[in-house]
Amino acid sequence: MPTNVLQQVITYNESNLALLLNSFCFISTSNKKFQRFNDDVPKNLGDTVSFDLPPRFTTTNSLVVTFQAAVQRVQQLTVSQQASTAYEFTAQQFIFNARDYMDKFGKSAVAELGTQVESDIAGLCETAPYRFYGDGVTPINTYLQLAQALAFFRNFGAAKDNTKGYLSDLTFPAIVNSGLNQFTEDRGNREAMSWEIGAFSNCEWYQSNLLPVHTSGTEGTAGSTLTVVSTTTDANGAVTGITFSGTSAATDANSVKQYDSFQFSDGVSGKTNLRFLTFIGHKISQCPVQFQATADAAASGSAVTVAITPPLQSAAGQGQNINTAIIAGMQCTVLPTHRCGLIMAGNPLFMAMPRLPEEVPYPTSVAMDPDSGASIRMYFGSLFGQNQRGIVHDVIWAKTLVPEYSMKVALPV
């Protein structure tokens with residue numbers, strides 16, 4: 001029998017597989033009032049724009065007035081982030097392999113770039129809020145916990161509109177399941193069909209697989225109970241730093257890490273339970289006093305000094321935010337390593353994404369990614385005489401979150 005000589009030809013075919021997209025809830029729900037402030041805000045020069053925060057006042061229970069300073073409070077939005085995704089081909093690679101596949105390369109590159117922007121904005125869940133709900137260990141898996149989180153958030157004082165909550169996508173199934181046996185016909189039908197939370201307790205809930213993880217210092221990991229030794233105050237008498245005793249180790253470079261979350265303990269013998277005052281009105285709320293470390297702090301001699309935000313002021317005035325002075329002997333605990341969700345109201349998450357200029361003399365296009373909402377520039381060109389053809393996708397952006405309008409949700413890792 002003769003031997004046949006047959007050629008095997010392997011072709012490269014499109015699979016039509018969709019991209020493994022991440023959630024882009026932070027970009028899509030952010031406040032874009034200053035999206036392109038370099039073009040839209042007259043006479044604003046530079047990479048920073050300032051916006052106003054509501055002024056604060058106090059009230060005197062008398063018709064004999066006490067005049068106080070009117071203070072314009074501001075926060076800044078600075079374009080400090082940039083990212084790019086680039087790839088190149090030779091002339092032969094482009095005409096024989098890549099030319100008819102460029103849309104696939106482009107979509108994947110833009111999705112990667114959009115994820116970089118989204119995860120950076122999601123990082124504000126860790127860095128901006130000083131209040132928090134949850135202990136970082138107990139799962140958030142019921143509607144009751146969502147209601148409790150919102151109650152604490154609002155008890156401090158909160159904007160009445162545009163309340164949004166962001167949780168890990170893996171928390172949603174258990175929460176929805178906890179409500180399916182409740183006699184709530186409309187909500188139950190909606191959830192059973194979609195397996196989503198949606199609107200609950202006047203809050204729109206979003207899920208993300210890009211929430212940041214905060215890695216705590218030794219005190220949070222060890223579950224230390226820290227005791228106040230002394231405080232550092234500013235010109236208004238507000239506490240900006242606290243020295244604690246009772247560290248896990250006598251000497252430890254990793255005792256406290258930046259953005260560690262602290263809470264004053266109730267029931268300490270001989271000490272008044274600390275409570276936040278409402279942000280407007282300065283009345284005692286039911287919220288325990290919490291704060292955030294603004295920098296790493298090392299333990300020495302079984303003590304650690306922590307710089308904190310917000311400044312905690314018990315003296316009367318516009319900045320008063322706690323019900324009694326912080327004194328020696330009060331105690332604090334620190335959250336362990338946790339994943340950071342978020343609750344906010346009043347559209348306090350601002351994002352700017354100025355339109356980059358054309359990269360003359362190269363063909364340039366600036367368009368919005370329909371999946372992430374990111375405004376991304378694309379340009380391409382050739383390196384003269386080097387047989388290199390490069391394609392670049394790039395973007396710049398800014399983000400900020402107003403702390404008093406937000407609260408972290410501490411989820412287990």
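Predicted, not measured: the structure shown is a model, and the values here were computed from it. All residue numbers in this chain count up from 1 along the given sequence.
Using modelled atom types, one finds no donor on one side chain facing an acceptor on the other under 3.5 Å when comparing Q75 with S50. No hydrogens or angles considered: nothing links the side chains of S285 and K283 as a donor-acceptor pair under 3.5 Å. Under 3.5 Å, the side chains of N347 and K164 contain a donor-acceptor pair of N or O atoms. T142 and S178 form no side-chain donor-acceptor contact under 3.5 Å, judged by distance and modelled atom types alone. In this model, no donor atom of one side chain and acceptor atom of the other lie less than 3.5 Å apart for Q320 and Q313. In this model, a donor atom of one side chain and an acceptor atom of the other lie less than 3.5 Å apart for N387 and Q92.
Counted within 6.0 Å of OH on Y362, heavy atoms from surrounding residues, nucleotides or ligands total 12 or fewer; the atom is thus considered open. Within a 6.0 Å radius of CD in Q148, more than 12 heavy atoms belonging to other residues, nucleotides or ligands are found. Within 6.0 Å of CZ on F152 lie no more than 12 heavy atoms contributed by other residues, nucleotides or ligands. L53 CG: more than 12 foreign heavy atoms inside a 6.0 Å radius.
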Go through the steps to decide whether T115 and E118 satisfy the test side chain to side chain donor-acceptor pair (under 3.5 Å), and finish with yes or no. CA-CA 5 Å; T115 298; E118 174 75 5; over 6 Å; no
Full working for ring-ring contact (aromatic ring centres under 6.0 Å, His included) between Y101 and F105: CA-CA 7 Å; Y101 203 76; F105 286 126; 5.2 Å; yes
Stepwise side chain to side chain donor-acceptor pair (under 3.5 Å) test for E219 and S255: CA-CA 6 Å; E219 310 314 326; S255 177; 2.6 Å; yes
Please report the C-alpha distance between H214 and K257 in whole Å, then the side-chain angles of each, then the deciding distance to 0.1 Å, and finally whether the side chain to side chain donor-acceptor pair (under 3.5 Å) criterion is met. CA-CA 9 Å; H214 173 72; K257 305 302 289 184; over 6 Å; no
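Between F200 and Y143, the distance from one ring center to the other falls under 6.0 angstrom. Taking the six-membered ring for Trp and the full ring otherwise, the centers of Y206 and F26 sit at least 6.0 Å from each other.
Atoms SG and CG, on C25 and N209 in that order, are 8.5 Å from each other to the nearest 0.5 Å. If you take CZ on F153 and CE on M407, they are separated by 7.0 Å, rounding to the nearest 0.5 Å. Note that CH2 of W397 and CD of Q116 are 5.5 Å apart. Values are rounded to the nearest 0.5 Å. To the nearest 0.5 Å, atoms CG (D260) and OG1 (T337) are separated by 8.0 Å.
Of the possible polar contacts, none joining the T247 side chain to the A250 backbone as a donor-acceptor pair under 3.5 Å is found. Listed for the N44 side chain is a donor-acceptor partner under 3.5 Å among the backbone atoms of T48. With hydrogens and angles disregarded, a donor-acceptor distance shorter than 3.5 Å links the side chain of T278 to the backbone of I280.
For the ring pair (Phe, Tyr, Trp, His ring centres under 6.0 Å) condition, no pair includes a residue of residues 108-136, sequence neighbours left out.
Using cut-offs of 30° and 60° on the angle between ring planes, the pair F279 and F156 is tilted.
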Show which side-chain atoms of residues 351-359 pair as donor or acceptor with protein atoms under 3.5 Å away, not counting sequence neighbours.
residue, atom, partner, partner atom, Å
E359, OE1, R377, NH1, 3.3

